[in-house]
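A short write-up of the structure that comes next.
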Amino acid sequence: MPQPQKQPLIPEKYLDAPSQRLYYLSLGLLCQAIKLFDFLISLASPSERLTICTKWLFVDFLYCFLLSQLRIPRLNYSKASVLLQICLLWFLDGIMFGGISLNAPALFSGGGSLSAIFPRSPDIPSTPEPFSFYDFVVPFTFGLLSQTAGSRDTHLLGQHTVRMSPISTAQLNPQAINFCLPTPTSVVHVPILLNNTNLSGLKYSVTPLGYPTDVAHGKVELVEISAKDIKAISQAFRDALQQARPSRLGIPEDRDEYDDDDESHEQTSHSMLQKSQSVVYLRLTRPGTIRLEHVLDVSGVEARLSHSEVVVVPCPEVAFVEDVQSTNDTIRCAGQDSDIKLMIDVRGVPPLSIRWLKTINGVREQFLVEGIETDHRRGSGDSHPDPSKEVSEKRNPSSLALKIPLTVSLDEPGTYVYALEEITDGVGNVVHSGHDLTTANQSISKTKTTRSFVVLKKPAISFDHCSTDAPTPLLIGSEATLSIKAVEADDFDAPWEVYVKYQPLTDPDSVAANKRLKPWKKTLKTEGGRRELNVRASLPGEYTIAGIKGKWCSGTVLAPYTCTVVERPLPSAEIEWKRIHECSGDTGVSASLILRGTPPFQVHYRMQRDNEPPREFSKHFTSSRGELTLQPERSGHYIFTFVHLSDANYRKVELHGPSIDQLIHPLASADFSDVHGVGRSKKLISSCDGDAVDVHVDLKGTGPWNLNLQIIGPHSAETVLITGIEKSREIISIPIPEAVRKSGGTFEVDLVSVEDAYKCKRSISVPGVVVNVKRVRPTARFYGSTQERHMTITEGERASLPLRLTGDGPWRMKYRRIGADDKVMTSRLNSPNDYLHVTEKGVYEIIDIIDSQCSGSTVTDATTYTVDWLPRPVARLSPAVDATYDVHNGSFILRPICEGLNDHVDLELTGRPPFQIMYNVAQGHELGGTQLMDQPTFNSLQPRTRFQLHTSSPGRMYYEVKQIGDSAYPLAKHANAIIPRSQRLLFEQQVSMRPSAHFKNRNRMTYCLYDAFVPLDSTSADGIILLDGSPPFTVTLSIKNLAASQIKTESVVVSSNAWKIDLPSYSFMAVGAHIVTIESVTDASNCAQSTSDPLYSSIWVDVAETAAIIPFERREDICVGGISQFQLEGIPPWTIGYRINGKSYTQEAKVSPFSLLQQQPGEFTVTHIAHQQKMCKAVVTDLRFVVHPLPSAQVGHGKRIFQDIHEGDQAEIVFTLIGEPPFTFTYQRSEPSPKKGGKPGKVLETHTVSRVLTNEYSIFSALEGTWTVTSISDRYCRYPPAQPDSSVERQRH
């Protein structure tokens, strides 16, 4: 009965099986990703590989074991499968982190391989290195078994280091730092520097300040501290410093500058410590003299003490004494008492020194006061002390307090800052005030160590741009702005109060008007820090500045301090109207104006005619008197009224002046209309037909009008009266005088006088009109007879058709090209013998002609002109050419030809010689398409020319005639005239390739005697013949034996383009060089063979006998790492077979002599040698010798031994020697490394021991150092061996 399947460890009601699989496999994928990252790290740090490998061995085991315990469905495996998974993952870990190497013999030996011991040239081969079962097992133990060969030299192992135990010392306050207590509750930490001391406890004494050292024994207090307590004090101090560092930017108020000193000293001492040194701290809360009595090590040894005393005193203090006067007088005005007295409170151990600074308006000046002390330290009852007693008595320092006066002078305006920078006591403690006063403009502040004063300038004020001599104008109904400006003032004194008073004017002209005005006084205040104040004056009078007062200081009033405001009156005018009467009625009005106000003036008046809307006009006057004349051009009832007056101060002040009502009849006038021209010169009219000419006249005044005109002919003058003209613009018909009516000519029409409806007659003086009478009409025709009116031009050329014109120029001629949609075109002509310029072919016809005055007619039998084009040149293939026309692509196909043969075609040309022919030459691709090769041009003087074909390169050649030029259409002028593609001449030809044959390479081929001439290696490229052309090919070869001077010829038919020599019928019957030559080759095109490269038309074949090997020297013994040299006979390359301890190997050699590096101990035997690619093999029976292993030496049985001794003791150093005695070895003593496991330092001594017959040797020493072995020799070999010079060996042989 099958057992029921176990349920998952995590029930599926909490987490279903697919989710469990997903999460656990995702965890495995994450682990492998981290493993890959560790693999990259191990590549950069090889020393970490073993640690990383051990970690992942544990992680992979835990992952597989946990998976088996979770029993997840479809991931639940048997125990054997889980074990296999663990082994596979461990194997992968070994591969990745260096525990396992796939190339075991080469990689397991690592840095101790002979290739590392014996550096040699890369071209010297070697025998395989030895490989044991132990070497195979070690990588799979993942570090459980040691393998030193991979990391260090296996022949010289171990080192013995002897070190002397150091002396313990203790030093109180090693950096000689001064300590003081800022407050009674403050704490200081005094450092103790320990060297080579493991602290067990210490004792120190405290002597109060102010007592002599010889009588203070009753006051001395002894304090003992255990190692636990002092470590707790030191750790708490360091923790406090660590917490204080992040808040450096925000220092609390209770933090003293001595905290910063402790921190900086602590950082400096720790950064300079050596490895044997350490620092602990004493926590002190009261002043006194601290003496370190003794320090005990855990071994019970008392440490040596140096500099064991330090003095802790109260910190010196300096501050200004609180003073009511200095507090209230921080801001002062210029002119006050300039001296002020400050008191400084000083406390500390004398003698004291104070550093203080003074800053006046940014100028900084420092002062130093030294030697501050008092003699009150002696007893009050000892008025005559004993000098000898005072000299012998040694006292501890004590503190004092006193006050020092400081008188300062505040003369000039500005900012004064006095600051106490630092105080230094007699012990050397320095206290800084901590205030930064580097800026030039300091704010007014008062602290314990600073006093600030500001001396302000007195403000000075006056009116700006206003005085009694230059009053400010005031317009009626508005306000004037009076500007008051502070000339001198201090911004710190703002805002200012300005006292202003007003007094009305007292002159007689304004007393009556200003009775209602009363004087007043006001106080005005400036805004913020502004130095200007504007006063709005709405009343005329005098405004006076009575005084000024700032926030702190009163000021002075400067001139001008009075401003007069004068009111400007409104402008007015006196107007007098006059009527203008001429002829029989009124023609207008005039006005005389007297203007009052400030010029310039602008007078606005209104004019209304009958019932029309009134219109307003204006006129400017620059003086106080003016004249205005108004004469309308139209008659009617007019009303003129003045409405407004403006001057420099007021705009459009209403005028109530007189109006005038007038019936106006303007005077009559007449002039020729602008239709005949504009300007004051005479106007010109032309007349081509008829007995009269129309003249346009403009009339003004009151109609109807009577107009007198004068007609002036060539021989007479006539006056014409035209009456009853009703319209102001009339067309008058003027008869042409008889003298010019028939034959033509000119006459003039002038206006003499005009009379209006009121019978008011006026003479007229205006420019007249000149009438040009023309009786001959213009004509147009083409010049020449019917046969001459024909022209032939080339395409695009411009033709000039001659014309003959009559009339007065310029002319406008209309013409058309017959058959071109009968479109009518117009040309402007300037000469009677002008030309009509055209570019298109066809028949041109004149339609109409117009000169500058009249339209004309054309000459019927000369109205047309014919223009033709010259035909373009054409090229055709001669009928005698052997070619076939392909209708599909419109090309002529020429007969094929072999490469390099001359060929041509004949072309027939139509046109005007000489001819120019531009054509394209293209060659077809094997994969389709064509490539343009050239675009040449050739010339021909005959209509039949020979066209040379391109046969230098094989392939399909295509020819296309692109452009043809002749004398009429040269290509230089008609470069863009390309023949359309459908009309071009096309022909093509196939150029067949000449066959050729050559060898693929020139490598010499090697055969043995009596071998057939067949391929020995199917993969080799030697002996391959490459054929060019159209298969099949017939190849003829000749084989010449140079020794016997015999030549044999072979012919072979080849169906492909490559053939490897295969002549089974031919065998090499003699030793020596043979030459194989390609005599000839033919292909299917029957073309002659092309010239081939003589270097690649033949190859050499070497025929050799059996090979031989001979040693350079006969030796029976050789060491591992030695080089064996042999002379090889035969043709390279050689294959040498040899046997080491019964195992066979082979080695390739390309040059002779042949060298071999011995890397395995045992019997070495050469068995055979072959050449000619492992052929022609020969057996060797008498070449063998013995290879001996290299000796080894170990110090401390191959381990790193570290031994500490005290003075007077000795250490035993043991040397183990491995090899064949007797031994000779060399050892050395070096400076020990400061770091355990590091490399030794400088070599101190070296010794060589000879004729040692045992395998172990010992020495005793009381010196400090590291002993190592540098070389060893046994009966046969030496390590490290002397390096052979292979180049010298090769030169010697």
Side-chain angles (χ1 to χ4, degrees), residues 582-588 609-610 631-636 664-778 807-808 812 850-856:
E582 293 184 48
C583 199
S584 60
D586 295 328
T587 60
R609 176 179 179 272
D610 297 333
Q631 286 184 305
E633 294 181 353
R634 296 189 300 166
S635 62
I664 296 175
H665 299 287
L667 296 176
S669 66
D671 195 358
F672 291 107
S673 175
D674 293 339
V675 175
H676 304 302
V678 180
R680 300 306 299 171
S681 60
K682 292 184 178 181
K683 299 173 176 60
L684 180 65
I685 300 176
S686 297
S687 176
C688 296
D689 54 6
D691 297 334
V693 62
D694 294 333
V695 177
H696 297 259
V697 179
D698 292 335
L699 301 168
K700 295 180 181 179
T702 304
W705 295 271
N706 297 327
L707 182 63
N708 282 326
L709 299 98
Q710 188 176 27
I711 302 173
I712 303 173
H715 308 292
S716 62
E718 180 183 0
T719 301
V720 178
L721 176 62
I722 301 182
T723 61
I725 300 175
E726 299 289 340
K727 296 185 294 182
S728 60
R729 174 166 288 189
E730 185 68 23
I731 300 176
I732 301 173
S733 180
I734 305 298
I736 298 175
E738 291 293 338
V740 297
R741 184 181 302 171
K742 293 182 180 180
S743 59
T746 59
F747 66 94
E748 185 177 343
V749 179
D750 293 321
L751 299 178
V752 178
S753 63
V754 62
E755 184 181 44
D756 60 7
Y758 299 101
K759 302 303 181 180
C760 182
K761 189 174 182 180
R762 293 185 63 193
S763 299
I764 301 174
S765 177
V766 296
V769 174
V770 176
V771 180
N772 184 11
V773 180
K774 187 178 181 181
R775 289 295 179 255
V776 179
R777 291 180 174 272
D808 297 328
R812 286 185 299 111
I850 301 174
D851 67 356
S852 61
Q853 299 179 12
C854 306
S855 62

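Computed from a predicted model, the values in this text were never measured in an experiment.
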Hey, is the main chain of A692 close enough, under 3.5 Å, to the side chain of R741 for a donor-acceptor pair? no

Answer yes or no: is there a donor N or O on one side and an acceptor on the other, between the side chain of R812 and the main chain of I850, under 3.5 Å? no

On a heavy-atom basis, which atom in I736 and which in G690 lie closest, and how many Å separate them? CD1-O, 3.5 Å

Correct closest heavy-atom pair for D851 and G807 would be OD2-CA, 3.7 Å

Let me confirm one number: the CG-CD1 distance from L709 to I722, rounded to the nearest 0.5 Å. 5.0 Å

Any donor and acceptor pair, going by atom type alone, linking the side chain of D671 with main-chain N or O of L699 inside 3.5 Å? no

Which heavy atom in V697 sits nearest to a heavy atom in A670, and how many Å separate them? CG1-CB, 4.3 Å

Heavy-atom pair with the smallest gap, counting every atom of Q853 and C688: O-SG, 3.7 Å

Find the distance between CG (N772) and CZ (F747) and round it off to the nearest 0.5 Å. 10.0 Å

If you take all heavy atoms of S753 and K761, which pair is closest and at what distance? OG-CE, 3.2 Å

Can you tell me how far the CD1 atom of I712 sits from the CG atom of D750, to the nearest 0.5 Å? 4.5 Å

Is the closest side-chain heavy-atom distance between V770 and L684 below 4.5 Å? yes

Quick one: pull up CD1 in I725 and CG in D756 and give me the separation to the nearest 0.5 Å. 12.5 Å

What verdict does the side-chain contact (heavy atoms from CB on, under 4.5 Å) test give for L707 and L751, after you've listed the backbone C-alpha separation in whole Å, the side-chain angles of each residue and the deciding distance to 0.1 Å? CA-CA 8 Å; L707 182 63; L751 299 178; 3.9 Å; yes

To the nearest 0.5 Å, how far apart are CD in E755 and CG in L721? 8.5 Å

Which heavy atom in C854 sits nearest to a heavy atom in K774, and how many Å separate them? SG-CD, 4.1 Å

Decide yes or no on side-chain contact (heavy atoms from CB on, under 4.5 Å) for K700 and S728, but give the supporting numbers first. CA-CA 6 Å; K700 295 180 181 179; S728 60; over 6 Å; no

What's the separation between atom OG in S673 and atom NE2 in H696, rounded to the nearest 0.5 Å? 7.0 Å

side-chain contact (heavy atoms from CB on, under 4.5 Å) partner of I685, chosen from D694, V769, I734: V769

